[in-house]
Enquirer: 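This is the structure I want to talk about, given as structure tokens.
Along the sequence shown, residues are numbered consecutively beginning with 1. Computed over heavy atoms, backbone and side chain alike; hydrogens, waters and symmetry mates excluded.
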Amino acid sequence: MRIALFQPEIAGNVGTILRLAACMDAAVDLIEPMGFPWGDRARKRAAMDYDAAAEVVRHADWDAFEARIPSRLVLFTTRGGVRLPEARFEPGDTLLFGSESAGVPEFVHARADAAVRIPMRATLRSLNLAVATGIGLAEALRQTEGFPA
């Protein structure tokens with residue numbers, strides 16, 4: 001299972017997601033540009049002692065990422081037509097999450113093999129990126145029996 005972050009804007013969210021990915025044995029794709037400087041020092045500060053355990057691939061832009069997508073691309077979006085409880089995941093899926101303020105552009109929506117939304121109260125806008133990633137990854141791992149032993 002892979003987690004892809006499209007142009008994330010908040011280093012703390014990326015650090016939390018790297019820690020989550022390390023613990024759940026999921027790889028992470030970071031699609032640039034990002035909204036903050038990201039180098040070895042920033043990565044170690046955000047991911048703390050989980051940095052070495054996280055498999056991270058940086059992509060210069062969407063085209064570089066798209067050229068390397070290994071399997072189905074499942075977009076998590078508030079505009080998703082499939083509610084998370086009805087979504088069906090496969091072991092090699094890449095779970096894609098948009099930037100904190102803008103989500104993803106239309107061409108990314110069009111490229112996704114599935115668009116999933118996490119059900120929540122209609123009067124509220126969205127979940128935090130790291131929280132949504134945790135919810136989505138947990139359900140995908142549950143369905144595919146992909147939790148670490």
Enquirer: Could you walk me through whether V116 and T77 pass side-chain contact (heavy atoms from CB on, under 4.5 Å), step by step?
Expert: CA-CA 6 Å; V116 175; T77 171; over 6 Å; no
Enquirer: Considering only heavy atoms from C-beta outward, does the side chain of I3 approach that of F97 to under 4.5 Å?
Expert: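 Yes - at least one pair of side-chain heavy atoms lies under 4.5 Å apart.
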Enquirer: Nearest 0.5 Å, please: how far is CZ in R58 from CG in L5?
Expert: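 Those atoms lie 12.5 Å apart.
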Enquirer: Any chance you could pull the hydrophobic cluster mates of F65, using side-chain heavy atoms under 4.5 angstrom and chaining through other members?
Expert: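 ILVMFWY cluster around F65 also holds F6, I31, W62, I69, L73, L75, L96, V104, F107, V108.
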Enquirer: Could you measure the distance from the CG atom of L20 to the CG atom of L18? Nearest 0.5 Å is fine.
Expert: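 Rounded to the nearest 0.5 Å, the CG-CG separation comes to 9.5 Å.
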Enquirer: Once you round to the nearest 0.5 Å, how far does CZ of R125 lie from CE of M120?
Expert: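 Rounded to the nearest 0.5 Å, the CZ-CE separation comes out at 8.5 Å.
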Enquirer: If you take all heavy atoms of V82 and E86, which pair is closest and at what distance?
Expert: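 Scanning both residues, the minimum pair turns out to be CG1-C, 4.0 Å.
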Enquirer: Which atom pair, heavy atoms only, marks the closest approach of A130 to T16?
Expert: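 For A130 versus T16, the nearest heavy atoms are CB-CG2, 3.7 Å.
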Enquirer: Are I10 and I135 co-members of a hydrophobic cluster defined by side-chain heavy atoms under 4.5 Å apart?
Expert: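 Per the 4.5 Å side-chain linkage, I135 and I10 are not co-clustered.
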Enquirer: OG1/T94 to CE/M1 distance, rounded to the nearest 0.5 angstrom?
Expert: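 Atom-to-atom, T94:OG1 and M1:CE are 9.0 Å apart.
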Enquirer: Any donor-acceptor pair under 3.5 Å linking the side chain of E90 with the backbone of T144?
Expert: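 Checked: no pair found.
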Enquirer: Give every donor-acceptor pair under 3.5 Å between a side-chain atom in residues 21-28 and any protein atom, sequence neighbours left out.
Expert:
none

Enquirer: Let me confirm one number: the CG-CG distance from L129 to N13, rounded to the nearest 0.5 Å.
Expert: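 Between L129 CG and N13 CG, I get 5.0 Å after rounding to 0.5 Å.
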Enquirer: Go through the structure and list residues passing side-chain hydrogen bond (donor to acceptor under 3.5 Å, both in side chains) with S101, not counting sequence neighbours.
Expert: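 Result, side-chain hydrogen bond (donor to acceptor under 3.5 Å, both in side chains) vs S101: E9.
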Enquirer: Under 4.5 Å between any side-chain heavy atoms of L84 and R117, yes or no?
Expert: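 With C-beta onward as the side chain, the pair stays apart.
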Enquirer: With the threshold set at 4.0 Å, does a side-chain nitrogen-carboxylate oxygen contact exist between D93 and R2?
Expert: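 Looking at R2 together with D93, the answer is no, because their closest N to O distance does not fall below 4.0 Å.
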Enquirer: Mind listing the closest non-hydrogen atom pair of V131 and L127 along with its distance?
Expert: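 Closest approach of V131 to L127, heavy atoms only: CG1-CD2, 4.5 Å.
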Enquirer: Distance-only, no hydrogens or angles: does the Q143 side chain make a donor-acceptor pair with backbone N or O of F89 under 3.5 Å?
Expert: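 At least one qualifying donor-acceptor pair exists.
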Enquirer: Can you hop from V14 to V57 via hydrophobic side chains spaced under 4.5 Å?
Expert: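 In one cluster with V14: V57, no.
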Enquirer: Could you walk me through whether H59 and D29 satisfy the side-chain contact (heavy atoms from CB on, under 4.5 Å) test, starting with their C-alpha distance in whole Å, then the side-chain angles of each, then the deciding distance to 0.1 Å, before giving a yes or no?
Expert: CA-CA 7 Å; H59 304 275; D29 294 285; 2.8 Å; yes
Enquirer: Please round to the nearest 0.5 Å and tell me the distance separating atom CD of E139 and atom CG of L95.
Expert: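 Going from CD on E139 over to CG on L95, the span is 11.0 Å.
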Enquirer: Does a side-chain N-to-carboxylate-O contact under 4.0 Å join E106 and R111?
Expert: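 Looking at E106 and R111, the cut-off is not met.
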